[in-house]
Amino acid sequence: MTLTSPHLGSSAEWTDARLLYALEEVVEKELNRHLKVTKDWMPHEYVPWSDGRNFPGFFEDGEAWDPKQSKVTEIGKIALVVNLLTEDNLPSYHHEIATLFGRDGAWGTWVHRWTAEEGRHGIVMRDYLLASRAVDPDKLEQFRMAHMSEGFESDNRHSMLHSVAYVAFQELATRISHRNTGHQSGDPVCDRMLARIATDENLHMVFYRNLLGAAFEIAPDLTMQAVRDVVVNFRMPGHGMPGFERAAAQMAIGEIYNMRIHHDDVLQPVLRFLKVLQIDGLGPEGLRAQEELGLYMNGLDGEASKFDEKLAARKARLAARAAG
């Protein structure tokens, strides 16, 4: 990939304010494209309301929750809770991007539109979980209170460019996590609901990915460094929730989200689309970041291969145990 746009000043001259101004037209273009292709949908149409009944409490006829009441698989329940708790921190996400991107012009319009679309995800997932009785409603609320009370601070809150790079990957990661959760939930209703959410997440990824591509055109060295930093230090936004490490390990074994998926289905598609590792014309810092990014990706691929081997061995042991 050869850059056709000139470097508009040195890296030292690029501030967040200048980058926001320089990318405003791209944001407006991507916003208009997004509004043309996205389709509004009604969360209540994806919830099996006929499965619902009263819980104990104020209702005398309330029926206590029991894990046997749901057809959702165990790994599906774990992933659904993680995914929902992640969506629950939307107020913190909104605050962060509104602070970084601003509330005016095309940037502000996008911030509010994105927030409104993301709000549907938490609504429909919680309504589904309660109506279908997939998880303990008391524990779900306790987890929500604990997670939201902690708030959320992104690792990339110090930089608008780092934040754009992060969400380009994170929106795709969220889409993959939702989609795989639906596939392994054991419930076609859940699968259909999460497929609809995943469609939104994919459109959000395209917006940020295209914006990241534009950033490479105007500030390639800084953008390369931001991408390097984000990829090397990537963490999902739910990392601070109660029991996340254990849940993430179970989701990895359950093939909902693991190193192989992260490498092949999240990082590689964005890097390949933007031809990040093929960009030339970089300065010393940009070139160093590009080289470090390439080395990291090779290392991650190796680690993912080791994980694949362990997962295959585990499956073989379970199959042998079941056969015996």
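Residue numbers start at 1 and run along the sequence shown. Any value given below was found using the heavy atoms of this structure, including those in side chains, with hydrogens, waters and symmetry copies removed.
- With respect to Lys306 and Glu309, no salt bridge is recorded, no charged nitrogen being found less than 4.0 Å from a carboxylate O.
- Note that CD1 of Ile279 is 11.5 Å distant from CG of Leu287, once rounded to the nearest 0.5 Å.
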Next on the checklist: Checking Glu171 against Glu118 for the side-chain contact (heavy atoms from CB on, under 4.5 Å) test, could you report, in this order, the C-alpha distance in whole Å, the side-chain angles of both residues, the deciding distance, and whether it holds?
Outcome noted: CA-CA 11 Å; Glu171 292 282 3; Glu118 287 286 342; 3.6 Å; yes

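- Ring-plane geometry between His121 and His178 is classed as perpendicular, the angle between the planes exceeding 60 degrees on a 0 to 90 degree scale with a lower cut at 30.
- Cation-pi contact between Arg133 and Phe55: present, with separation from the ring centre below 6.0 Å and deviation from the ring axis of at most 45°.
- Counted by atom type alone, Gln170 and Thr174 present one or more donor-acceptor pairs between their side chains at under 3.5 Å.
- Between Arg272 and Asp264, no side-chain nitrogen of the basic residue sits less than 4.0 Å from a carboxylate oxygen of the acidic one, so the salt-bridge criterion is not met.
- Using a 4.0 Å cut-off between charged side-chain N and carboxylate O, Arg196 and Glu45 make no salt bridge.
- Between Asp61 and Arg53 no salt bridge is recorded (no basic side-chain N to carboxylate O distance below 4.0 Å).
- There is a side-chain donor-acceptor pair under 3.5 Å between Asn83 and Thr181.
- Ring planes of His34 and Phe207: perpendicular class, angle over 60° (limits at 30 and 60°).
- Contact check on Asp308 versus Arg260 returns a salt bridge, with a Lys/Arg side-chain nitrogen under 4.0 Å from an Asp/Glu carboxylate oxygen.
- With hydrogens and angles left out, the side-chain atoms of Asn89 and His147 include a donor and acceptor closer than 3.5 Å.
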